[in-house]
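Following: one structure in structure tokens, then a few remarks.
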Amino acid sequence: MARDTTKYNFNGKYDLNKRDLAKEIIEKYIYDNPSVDYEKLKNIFNYKGLGYKKTILNKEDYLSWKKDKKDTQKRYFPPILLGNQEIYIKNQWGVGNIYSLIELAKEEFKYDIEIVENQQEVESHIINSEKKVKLEADFKIKTLLLKGVPGTGKSRAIENIINDKLQLQDHKQNILRINIHSASSNADLMQGIGISSTNGKIEYKEKQGLILNFIEKAIFNPNQPFVLVLEEIQENSLNELIGDLIYLIEDDKRAKGYEADNEAYGYQELVEKIIADKPETAYVEVPYLVNSSTEYRKMIMPDNLYIFCTSNYRDDKKVIEDNLLRRFEVLEIYPKVEVVHEYCREFFEQLNDNILNVMCDEIHPDRFLIGHSNWLKVDNEQDFYRAFLKVVVEFKDIKEVEFNDFKEIVQELPLTQELNFNSYKSLIEELQTKAGYDFLD
């Protein structure tokens with residue numbers, strides 16, 4: 001007989017299994033009824049119709065039940081607080097009793113619960129069993145930072161690793177790409193608080209971010225590689241964005257050699273089991289942001305999760321903080337002359353040579369280099385002027401190099417003999433005309 005793998009959407013959370021749905025229903029009822037006490041909860045939830053008379057236990061009753069029993073960790077969730085009491089919620093839910101609880105929640109509590117019948121129509125943190133195949137990964141570096149000036153192929157290099165080394169070209173669900181910017185926040189990527197209003201009542205709910213959701217996927221599928229790609233990390237602080245993960249990303253702190261069964265365990269249960277079975281697994285404790293429980297959730301880093309980053313140079317901050325630098329393999333990516341079109345290859349090579357010579361008094365003159373991506377297909381005069389215009393604007397507005405220094409770099413280069421190097425303004429105007437931007441009058 002096939003196992004029932006139906007998932008549920010409820011209370012702003014998606015693809016809940018049966019045990020997590022039950023926990024969410026009971027926790028929401030307690031939140032919606034702050035004056036409820038333990039005796040009333042027992043009258044509501046501890047009855048035979050739910051298949052078990054001990055759905056909810058306080059600490060005293062839980063310790064009494066636990067006495068002389070083995071393997072009790074799998075039977076109840078970690079406790080939550082009801083006033084100053086610890087309440088334990090049963091996590092043993094199957095087809096025989098979950099529908100009784102759903103009916104109770106819909107009829108008595110007026111809760112809206114969506115039953116997801118077709119798993120392929122909903123993106124889940126569990127990859128379907130028929131897809132749960134082992135994928136071979138021929139790449140040993142778990143944390144990689146590629147840094148250099150824009151246009152040097154950093155993202156392309158990561159794409160090659162993903163496709164050629166990790167064999168994920170047909171498994172896009174195993175890849176999460178995030179472009180970091182100044183407004184990126186820990187709440188978006190890790191965890192935050194969502195605010196909603198129901199019938200005039202404001203509710204504050206835990207909101208799990210993109211990266212934590214992705215980590216769950218990786219934990220439940222340990223035989224497959226997962227790749228988190230963080231682009232342009234120079235635009236923000238990784239300490240602020242993923243601070244909880246920093247301690248865990250080192251190879252000797254990752255969770256290894258465990259088995260995962262999404263039908264036997266919920267996410268937090270699986271984490272607890274991994275830690276119990278393999279005590280050498282490092283973890284950090286993450287507080288609940290809304291729940292008043294004194295319990296902390298444990299977070300682990302699975303061994304099958306790769307973290308690849310790209311970074312350009314910035315003058316106003318370090319590319320990566322010191323405590324992260326030693327946890328990443330850091331590779332410099334430089335412009336490649338050989339990939340530039342032959343029409344402008346000599347110009348491009350001399351341009352970057354001149355930059356290093358003229359800017360040699362700078363601490364890092366290589367940050368002024370020009371990447372090759374805009375020059376790959378430049379095979380005529382008009383395209384050349386358009387590409388060169390971007391170089392001029394970059395030196396003027398982004399790198400803020402004085403015109404005399406820029407003039408020394410470029411005025412004797414091939415393909416520039418017909419240009420007048422009097423000022424940034426006159427040069428830009430001339431290039432815009434030669435580039436064919438005739439809509440500028």
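Note that the coordinates shown come from a computational prediction; the quantities given were computed from them, not determined experimentally.
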Exercise. Step by step, would you call W65 with Y88 a ring-ring contact (aromatic ring centres under 6.0 Å, His included)?
Worked result: CA-CA 11 Å; W65 166 85; Y88 293 79; 9.1 Å; no

Exercise. Looking at A260 and I219, what are the two nearest heavy atoms and their distance?
Worked result: CB-O, 3.7 Å

Exercise. For D366, does its backbone N or O pair with a side-chain atom of Y334 as donor and acceptor, under 3.5 Å?
Worked result: no

Exercise. What distance separates F139 CZ from Y306 OH, expressed to the nearest 0.5 Å?
Worked result: 8.0 Å

Exercise. Would you call K142 and D303 a salt bridge, taking side-chain N to carboxylate O under 4.0 Å as the test?
Worked result: yes

For this session: Carefully, step by step, assess E332 and K147 under the rule salt bridge (charged side-chain N to carboxylate O under 4.0 Å, His left out).
Result: CA-CA 5 Å; E332 296 273 356; K147 59 190 286 283; 2.5 Å; yes

Exercise. Under 4.0 Å between a Lys/Arg side-chain N and an Asp/Glu carboxylate O for E338 and R345?
Worked result: no

Exercise. How far apart are the closest heavy atoms of K298 and I275, and which atoms are they?
Worked result: CD-CD1, 3.4 Å

Problem set entry | Pairing of E250 and K253 as salt bridge, 4.0 angstrom limit | yes

For this session: For the residue pair N179 and E232, confirm or rule out a side-chain donor-acceptor distance under 3.5 Å.
Result: no

For this session: Would you confirm whether H341, through its side chain, and Y343, through its main-chain N or O, come within 3.5 Å as a donor-acceptor pair?
Result: yes

Exercise. So, are E39 and K42 salt-bridged, with charged N and O less than 4.0 Å apart?
Worked result: yes

For this session: Keeping the roles fixed (side chain from R254, backbone from L305), state whether a donor-acceptor pair exists under 3.5 Å.
Result: yes

Exercise. Hey, are N312 and K154 close enough side-chain-wise for a donor-acceptor pair under 3.5 Å?
Worked result: yes

Exercise. Any donor and acceptor pair, going by atom type alone, linking the side chain of N304 with main-chain N or O of N223 inside 3.5 Å?
Worked result: no

Exercise. Quick one: salt bridge (Lys or Arg N to Asp or Glu O under 4.0 Å) partners of K172, sequence neighbours excluded?
Worked result: E159

Problem set entry | Derivation and outcome, ring-ring contact (aromatic ring centres under 6.0 Å, His included), residues F45 and Y29 | CA-CA 11 Å; F45 295 107; Y29 181 84; 5.8 Å; yes

Problem set entry | Lys/Arg-Asp/Glu bridge criterion (N-O < 4.0 Å) met for R327, D251 | no

Exercise. Are there more than 12 heavy atoms of other residues, nucleotides or ligands under 6.0 Å from atom CD of E329?
Worked result: no

Exercise. Which of these passes side-chain hydrogen bond (donor to acceptor under 3.5 Å, both in side chains) with N91: E269, K23, K18?
Worked result: E269

Exercise. How close do V149 and P335 get, heavy atom to heavy atom, and via which atoms?
Worked result: CG2-CG, 4.3 Å

Exercise. With a 4.0 Å cut-off, would you call E394 and K399 a salt bridge?
Worked result: yes

Problem set entry | Closest non-hydrogen atom pair between I87 and Y38, with its separation | CD1-CD1, 3.8 Å

For this session: Applying ring pair (Phe, Tyr, Trp, His ring centres under 6.0 Å), name anything that partners F395, two or more places apart in sequence or on another chain.
Result: F406

